[in-house]
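The chains referred to below are lettered A, B, ... by the order of the sequence lines, with proteins before strands, and numbering in each begins at 1.
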There are 2 protein chains.
Amino acid sequence: MARPRTPLLSRDRIVMAALELVDAEGLEALSTRRLAAGLSVSGPSLYNHFATKDELLDAVVDSVMGEVDLGMFGPEGGADWRGALRDWARSYRAALSAHPNIVPVLAQGPGRRPNALRLADAVFGFLVDAGWPRGQATRIGALMRYFITGSALASFAAGFPEDAQLYAAEYPHLGEAHLLAEHRRAIDDGAFETGLEALLDGLALRFPAPESRG
Amino acid sequence: MARPRTPLLSRDRIVMAALELVDAEGLEALSTRRLAAGLSVSGPSLYNHFATKDELLDAVVDSVMGEVDLGMFGPEGGADWRGALRDWARSYRAALSAHPNIVPVLAQGPGRRPNALRLADAVFGFLVDAGWPRGQATRIGALMRYFITGSALASFAAGFPEDAQLYAAEYPHLGEAHLLAEHRRAIDDGAFETGLEALLDGLALRFPAPESRG
DNA sequence: GTCTATAGCTAGATAGAC
DNA sequence: GTCTATCTAGCTATAGAC
C-alpha cells in the first residue's frame with residue numbers, strides 16, 4: 001500500500017487501542033503485531049508514530065493518569081483538605097480500577113510522564129497550602145498513593161478462587177471467601193471506603209496546630 | 001551427562017535461584033534458560049521438578065509469602081488487636097519490600113498458594129476473635145493488604161528520576177523530589193509508618209462497643 | 001535426573017518499495 | 001505513512017539418549 005491521503009493512524013488512536021488490548025487481555029498481550037492487527041494495519045506501521053514499544057507503553061500509562069481529576073486542588077477547591085483528599089482518592093482509584101492490568105507499570109512511579117508528575121505536584125502543593133508541613137505533605141502523598149494503587153491492584157474481587165472445597169478443610173476462617181463476583185466487588189468498595197475514612201480520621205489527629213506549622 | 005548419583009537440583013534450590021534472579025533483574029528475566037544457567041544445568045532439567053513455568057512461579061511467589069510472620073495471631077498473641085496488626089503489617093511489608101519485582105504477581109490475590117491462603121485465614125480469624133464483626137474483619141484484612149502491597153510496589157524511592165532540571169520549570173512543588181536514594185528510602189519508611197498509625201487510629205474509632213458485637 | 005537436539009512460536013525492530 | 005520481507009533473538013516445552 002502506498003502513502004494514504006490521510007494518515008490511518010495517530011498517536012491517540014494507537015494509545016486507545018493499546019489500552020483496550022491491555023484491559024481485555026493483559027500486559028503480555030500488548031505486542032506490536034497484535035496491536036497493529038486491532039488497528040487493521042501492519043506491525044511496523046506503528047514505528048512511524050512511536051520510536052519504541054517503551055515509548056508507546058509510557059503514553060498508554062500516562063493516558064490513564066490523565067483520567068484522574070485534580071480540579072479539587074485548584075484555587076476554587078476550598079481549604080477543606082479532608083474533602084479534597086477524599087474526592088481525589090476516589091477519582092484516582094476509579095481511574096486505576098478501570099485498567100487494573102496496567103497498574104503494575106504505573107505504580108512503579110511517575111518516571112518522566114507528564115500527567116503522573118502533574119498529579120504528584122498538585123497534591124503536594126495543595127497539602128502545603130492547606131497547612132501541612134512539607135515533610136508531612138510528602139509522606140501523605142506517598143501513603144495515599146500506596147493505598148490507592150494497592151486498592152486497584154490487590155483487589156479482593158480478583159484474588160480468591162471460587163472453589164468452596166479449597167477452603168473447607170484447610171482454612172477454617174475463609175469459608176465465605178468463595179463469593180459471587182458481585183459480592184467480592186462490594187467488599188472491595190467497602191474496604192476502600194473504610195480504609196479511606198480511617199486514614200483521613202487518623203491524619204486529622206496529626207494535623208498541626210496553627211502555631212506549629214512550617 | 002548421565003543421571004547423577006545425587007540430584008543436582010531440588011525444588012527449593014530452584015525456587016531460591018529464581019527469586020534471586022527476579023530480585024536482581026526483574027520478572028521478565030526469569031526464563032527457564034537463564035534460571036538453569038544460574039544453577040549450572042541445562043534448561044529442560046527444570047522440568048523434572050516443575051511441570052510448567054507457571055507452577056515454578058507460583059512456588060516462588062508463595063516462598064515470599066512464607067516469610068511473613070503470623071505468630072502474633074496465635075493463642076499467645078494476646079488480645080491487643082492494634083499491636084498485633086501493627087507487627088504483622090511491618091513483617092508483611094518487610095517481606096514484600098525485599099522482593100519488589102514479584103509484588104505485581106503476588107498482589108493479584110492468593111490463588112491456590114498455601115502460604116497466601118494461610119495468611120488470609122489467620123488475619124481474618126484473629127480479627128473476629130478480637131471482637132470485630134465478620135464483615136468489618138473482611139474489610140480490614142483487604143484494606144491492610146491494599147496499603148501494604150501498595151507500599152512495596154509504589155515505593156517513593158523507585159519512582160522519581162534523579163534529574164533536578166526536570167522539575168524546576170514544570171512542576172514547581174516537586175523541587176525536592178530528586179533526592180538521594182537514601183533520602184527517598186527514609187520517605188518510604190516515614191510514609192508507611194505514618195499511614196499505618198493513622199489507619200490503626202482510624203480503625204480504633206470504629207471498633208464496636210462490646211454489646212453490639214456479632 | 002540430567003543431557004543434547006530441536007520443534008514451534010513470538011517478539012521488537014529495520015530496509016527499502018511505493 | 002504504510003506496506004512486504006526479513007533479521008535476530010528470545011521463549012516454553014518435548015523427545016529420546018544415557
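Every residue two or more places apart in sequence or in another chain was checked for a salt bridge (charged side-chain N to carboxylate O under 4.0 Å, His left out) with B:Arg33, and none qualifies. The side chain to side chain contact (heavy atoms under 4.5 Å, CB included) test applied to A:Asn101 returns A:Val22, not counting sequence neighbours. Under the side chain to side chain contact (heavy atoms under 4.5 Å, CB included) criterion, A:Asp129 pairs with no residue at all, not counting sequence neighbours. With sequence neighbours excluded, the residues satisfying ring-ring contact (aromatic ring centres under 6.0 Å, His included) with B:Tyr92 are B:Trp88. For A:Arg118, the salt bridge (charged side-chain N to carboxylate O under 4.0 Å, His left out) criterion is met by no residue, not counting sequence neighbours. Under the rule for a salt bridge (charged side-chain N to carboxylate O under 4.0 Å, His left out), the partners of B:Glu176 that lie at least two apart in sequence or sit in another chain are A:Arg134.
If you measure from atom CZ of A:Arg13 to atom C1' of D:dG1, you get 13 Å, rounded to the nearest angstrom. Taking atom CG on A:Asn48 and atom P on D:dT4, their separation rounds to 14 Å, with Å as the unit. Going from atom CZ of B:Phe50 over to atom P of D:dT12 covers 14 Å, rounded to whole Å. Atom CG in B:Leu8 sits roughly 11 Å away from atom P in C:dG1 (whole-Å rounding). In this entry the distance linking CD of B:Glu25 with C1' of D:dG10 reads 15 Å, nearest Å. Atom CZ of B:Arg5 and atom P of C:dC3 are 17 Å apart (whole Å). In this structure, B:Leu57 atom CG and D:dT12 atom P are separated by 11 Å, rounded to whole Å. For the pair B:Leu27 CG and D:dG10 C1', the interatomic distance rounds to 17 Å; values are reported in whole Å.
Contacts classified as side-chain hydrogen bond (donor to acceptor under 3.5 Å, both in side chains) and involving residues 5-18 of chain B (residues at least two apart or in different chains) are given here: B:Arg11-B:Glu55. Within the structure, salt bridge (Lys or Arg N to Asp or Glu O under 4.0 Å) pairs that include any residue of residues 144-153 of chain B do not occur (at least two apart or interchain).
Looking at residues 15-23 of chain A, you'll see that no heavy atom sits under 4.0 Å from any atom of DNA chain C.
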Task: Per-nucleotide protein contact string for nucleotides 11-16 of chain C, where B marks a base within reach and S marks sugar-phosphate only (heavy atoms under 4.0 Å, - for neither) - done: BBBB--
List the atom pairs, with distances to 0.1 Å, where a side-chain N or O of residues 167-175 of chain A and a protein N or O form a donor-acceptor pair under 3.5 Å, not counting sequence neighbours.
| from | atom 1 | to | atom 2 | distance (Å) |
| --- | --- | --- | --- | --- |
| A:Tyr167 | OH | A:Pro161 | O | 2.9 |
| A:His173 | ND1 | B:Asp121 | O | 3.3 |
| A:His173 | ND1 | B:Asp121 | OD2 | 3.3 |

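Contact annotation: B:Ser42 side-chain N/O to C:dC3 OP1/OP2 distance is under 4.0 Å.
Direction change of the helix axis from one end of the helix from C:dG1-D:dC18 to C:dC18-D:dG1 to the other is 0°, with five pairs defining each end axis (rounded to 10°).
Using cut-offs of 30° and 60° for the angle between ring planes, the B:Phe192 and B:Phe147 rings count as parallel.
The residue from B:Asp87, B:Asp189, B:Asp188, B:Asp69 that alone fulfils the salt bridge (Lys or Arg N to Asp or Glu O under 4.0 Å) condition with B:Arg93 is B:Asp189.
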